[in-house]
Amino acid sequence: MRSVGNEPLSRHALAFVLAGGRGSRLQELTDKRAKPAVYFGGKSRIIDFALSNAVNSGIRRIAVATQYKAHSLIRHLQGGWNFFRPERNESFDILPASQRVSETMWYVGTADAVYQNVDILEAHGTKYILVLAGDHVYKMDYEIMLKQHVESGADVTVGCLEMPRAESSAFGIMHIDETGLIQSFLEKPADPPPMPGKPDKSLASMGIYVFNSEFLFDELRRDAADPNSAHDFGKDIIPYIVKHGRAIAHQFNDSCVRSGDDPRSYWRDAGTVDAYWGANIDLTDVVPELDLYDRSWPIWTYAEITPPAKFVHDEDGRRGQAVTSLVSGACIISGASLRRSLLFTGVHVNSYANVENAVIMPYVNVGRGARLRNVVIDRGVRIPEGLVVGEDPEFDGKRFRTTENGITLITQSMIDRLGT
Ligand code: ATP
């Protein structure tokens with residue numbers, strides 16, 4: 001392993017996690033919380049994946065910039081991520097936008113979120129800064145990326161991956177030469193350019209950047225003085241370095257994860273209701289692509305202490321049962337049937353209910369006899385007795401939010417509107 005002295009590079013890096021955006025493509029799921037705070041996988045929030053990657057890679061200095069509807073996110077970070085100790089050269093800074101540079105400016109763009117905290121980062125004095133989007137679900141060893149960055153002598157190293165062109169317009173799209181040097185970078189193009197020789201694929205930025213700290217600070221100061229800049233990494237900083245310096249791609253694949261119990265790479269944006277539903281439901285597969293049970297790459301989180309999940313007969317003797325499903329603590333399944341579903345903490349499913357292909361967030365109550373299929377249910381929703389969803393998409397779309405692929409998102413305010 002490449003090192004500074006005898007230590008891995010990760011011990012000389014600070015991870016700056018951007019968690020201030022809404023993630024508007026998740027519709028009502030981000031009405032009350034930022035996308036990084038959205039629940040994922042039964043016990044976690046989306047941001048836990050970037051943070052766990054940092055810790056599993058050996059990084060011990062982390063800063064998280066928050067802005068949009070940050071209460072739920074900050075409570076989660078305080079609850080689960082407060083184990084860093086200054087006396088061991090560790091730190092965990094939560095950095096809500098607080099007009100530190102100008103009394104009229106919140107975080108304008110992603111670069112501004114870092115710029116407004118440059119004094120804090122300088123005080124940490126780490127040699128490298130790893131800027132991470134806190135809104136993707138993935139497994140990645142940043143030490144491998146840091147090593148490439150140092151060996152290539154790049155000004156910035158940009159994490160990237162091939163993705164279907166049709167899905168890539170929400171990302172920065174780049175072209176690279178055979179050495180990995182980035183030759184062009186377009187932020188969120190409406191019509192993403194294809195990869196040479198691969199008309200259906202684009203090379204997309206993962207929103208993960210490694211910089212030498214001093215270089216980054218100089219770039220941020222230059223950008224802050226530019227009246228034409230939106231102060232955003234994807235729109236301004238990276239295209240500028242591509243033009244005037246050396247921006248090198250770090251291609252994400254199986255070699256970007258450490259060979260532990262599960263050496264497969266995994267990355268999902270989970271940024272639309274369909275993608276979010278799919279990434280969660282995939283976890284119910286017998287051998288899912290994302291193995292949450294991999295003890296060599298644990299996903300740390302804040303989780304309440306709860307009693308075990310419970311499956312009981314109802315008064316008519318109907319069995320409460322779940323097959324091919326993940327059921328979290330404090331759930332009670334009473335005389336109801338679940339298939340291929342993922343239940344977060346404290347969900348109650350009552351007699352005669354039938355639930356299939358469902359992602360159900362914490363503390364939802366599913367009333368007697370409800371039939372729910374292909375749904376995402378927001379936290380705390382009370383599903384009325386006998387509600388049927390997933391059998392008539394047109395009717396579902398009139399009452400709830402149904403996607404083109406037939407996935408229905410249900411929130412409490414949609415349920416409240418049913419009565420009127
Ligand atoms: P959308 O446009 O769908 O609402 P977004 O703003 O959340 O998306 P991106 O612009 O792709 O997403 O942002 C990349 C990352 O930066 C995300 O993790 C997001 O939370 C974060 N982010 C976006 N804007 C800011 C900001 N002004 N301050 C801090 N973090 C931000």
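First listed ligand is number 1; within each ligand, the first listed atom is number 1. The structure displayed is predicted, hence computed values, not measured ones. For the numbers below, each heavy atom of this structure counts, side chains included, while hydrogens, waters and symmetry mates do not. Heads up: numbering here begins at 1 and tracks the sequence.
Around CZ of R25, the count of heavy atoms belonging to other residues, nucleotides or ligands within 6.0 Å exceeds 12.
Of all protein heavy atoms, the one lying nearest to atom 6 (O) of ligand 1 is G21 CA, 3.8 Å. Taking atom 27 (N) of ligand 1 as the reference point, the nearest protein heavy-atom neighbour is Y107 O, 3.2 Å. Closest protein heavy atom to atom 13 (O) of ligand 1: T110 CG2, 4.4 Å. In terms of protein heavy-atom proximity, atom 18 (O) of ligand 1 is closest to L18 O, 2.8 Å. In this structure, the protein non-hydrogen atom closest to atom 30 (N) of ligand 1 is G20 N, 2.9 Å.
Ligand-side atoms of ligand 1 in range of A19: 20 (O), 30 (N), range being under 4.0 angstrom from any heavy atom. Here is the list of ligand 1 atoms found below 4.0 Å of a heavy atom in Q67: 27 (N). Residue D135 has at least one heavy-atom neighbour below 4.0 Å for each of these atoms of ligand 1: 17 (C), 18 (O). Annotation for ligand 1: atoms under 4.0 Å from non-hydrogen atoms of G134 are 18 (O).
A donor and an acceptor atom, one from each side chain of R379 and Y39, are located under 3.5 Å apart. Of the N and O atoms on the side chains of T402 and D396, not one donor lies less than 3.5 Å from an acceptor on the other residue. Side-chain atoms of W297 and D291 form no donor-acceptor pair, as typed in the model, at a separation below 3.5 Å. For the residue pair Y266 and D282, no side-chain donor N or O sits within less than 3.5 Å of a side-chain acceptor on the partner.
Residue nearest to atom 4 (O) of ligand 1, selected from P96, G271, S24: S24 (by heavy-atom distance).
On a distance-only criterion, A65 and ligand 1 share no N/O pair closer than 3.5 Å. Any N or O atom pair closer than 3.5 Å counts here, and G23 shares at least one such pair with ligand 1. Annotation: A133 places no N or O atom under 3.5 Å from an N or O atom of ligand 1; distance criterion only.
At a threshold of 4.0 Å, the pair R61-E90 does not count as salt-bridged, since none of the basic side-chain nitrogens sits closer than that to a carboxylate oxygen. At a threshold of 4.0 Å, the pair R221-E122 counts as salt-bridged, since one of the basic side-chain nitrogens sits closer than that to a carboxylate oxygen. At a threshold of 4.0 Å, the pair R264-E289 does not count as salt-bridged, since none of the basic side-chain nitrogens sits closer than that to a carboxylate oxygen.
At distances below 3.5 Å, not a single donor-acceptor pair connects side-chain atoms of N212 with backbone N or O atoms of E214.
For A113, every heavy-atom contact with ligand 1 shorter than 4.0 Å involves the side chain, none the backbone. Looking at K188 against ligand 1, only its side chain comes within 4.0 Å, counting heavy atoms.
Between F83 and W81, the angle of the ring planes lies from 30° to 60°, which puts this pair in the tilted group.
D269 has its side chain within reach of K35: a pair of non-hydrogen atoms, C-beta onward, lies under 4.5 Å apart.
Ligand 1 lies nowhere less than 4.0 angstrom from a heavy atom belonging to A34. Remark: distances from the non-hydrogen atoms of G207 to ligand 1 are all 4.0 Å or more.
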